[in-house]
Amino acid sequence: MLAGARGGLARTALLLIPPLLLALQLLAGLRLPRGQRAGTAGEEEGGVAFSVISIEPKRSSPHWGATSGGPQLEEDEEEEVERRGARGYEDENEMPTRQVASRGLELKSWAADEPSFIAELDRIITYITRPQVNCTRVLSPGKSQASQAPVARLPWLLCAEEWLLPANTPCVAYSFSMDGGDTDFLRTVLGLGCEVHRFDPSNSNASGGHLGNSLASNHGDGGVVSHHKMWLEWRAPRKRKHKKRGTLGSVSQTLADIMKILGHHTVHFLYADLLSAEWRVFQNWMELGTLWTVHHLVATVHLQWAGFEVGGTDEEVVRYWFSILQGLRASGFQLVNSSPGEGHSVLKRTVANAHSSYTLSWVNMRI
């Protein structure tokens, strides 16, 4: 009987051990500082520690295909990375499609009920061959004295209404050309007394003025052309070295960076024949707000092929071009003059009622 009592006590003691251990564990936990408790690594003071796992859904492809209604991008542009500053990209060939929507490039609706190359082409040709503003006084190629608009068609015209020209401030002019087609433009802006900068990566036609990429000896000079072995870029590298003001350095820069380095807040007159890079450059100007700093723009648009880093079906490409031009208009640019170039090839198609290129003159009506 005594043995049975002892067995009962033993069983009772065994049953009491787990609650006792649990109580001791809780008591020890209350006395330990938070930083020493198990599982509290990385806990914020006064709060509860959590491990947050972010599961991001697979992003849709940035291609502008038939479903998105626009030109497709090249394959090496598929991955977009976070901008650095306002303009940095991991890879120089990437196109910021998601940034486009937030930066103001609005892809316009189709010209017809369904995608049609003929309808898209008719719309854009009609648009770029009909001036939108009638200037009573203009500056003609090679002339620095304003006159009435000539009846004959000229390669370009600058609107010379008094309120559209620089007043009581030195004017600044940029020219981007590799074929010497800007000769008359340079003569005109030099006659106006502007500070003139000419950009040509080949520099084959450079003569006179100050050669090289440094402006230390020519900042603010009028009556002389500063030549720079440089070209316009529409992509901003992710990594860039700090450049002191007045030194351009590399072979290509965005217009915003060129202006910053040269110390210019406004470009009163800009001439550009970018050899099919104009579409992406225009888009860059719209995305970064650079268009607001340009007053008069003379640019050649090329239609023979889609352009650098522009792809898609023919109707998608032409629709993209038209959207870019509409973006210029939304930024305040009104067409002053249109001059067709040679040839009748559009996206490698022979088109009788269209030309391979057009030199367009705009004035910013919001200056």
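Heavy-atom basis, side chains included; hydrogens, waters and symmetry copies ignored.
- Remark: Q132 CD is packed, more than 12 non-hydrogen atoms of other residues, nucleotides or ligands lying under 6.0 Å away.
- Partner of W234 under the side chain to side chain donor-acceptor pair (under 3.5 Å) criterion, chosen from E278, Q283, E309: E309.
- Ring pair Y174/F199 is perpendicular by interplanar angle, where above 60° counts as perpendicular and below 30° as parallel.
- Applying the side-chain hydrogen bond (donor to acceptor under 3.5 Å, both in side chains) rule to T300 yields the partners T359; only residues at least two apart in sequence or on another chain are considered.
- Pairing each heavy atom of W305 with each of S276, the nearest pair is NE1-OG, 2.9 Å.
- Residues V351 and N353 approach most closely at CG1-OD1, 3.0 Å, considering heavy atoms.
- Taking all atoms of both residues into account, the shortest heavy-atom contact from M259 to T290 is SD-CG2, 4.4 Å.
- You'll find the side chain of V189 stays beyond 4.5 Å of the side chain of Y271, heavy atoms only.
- At a threshold of 4.0 Å, the pair D257-K260 does not count as salt-bridged, since none of the basic side-chain nitrogens sits closer than that to a carboxylate oxygen.
- Between S175 and the options T183, D182, D273, a side chain to side chain donor-acceptor pair (under 3.5 Å) holds for only D182.
- The aromatic rings of W362 and F282 lie perpendicular to each other, with more than 60° between the two planes, well past the 30° mark.
- Residue pairs meeting the disulfide (SG to SG under 2.5 Å) criterion with at least one partner in residues 132-170, sequence neighbours excluded, are C135-C159.
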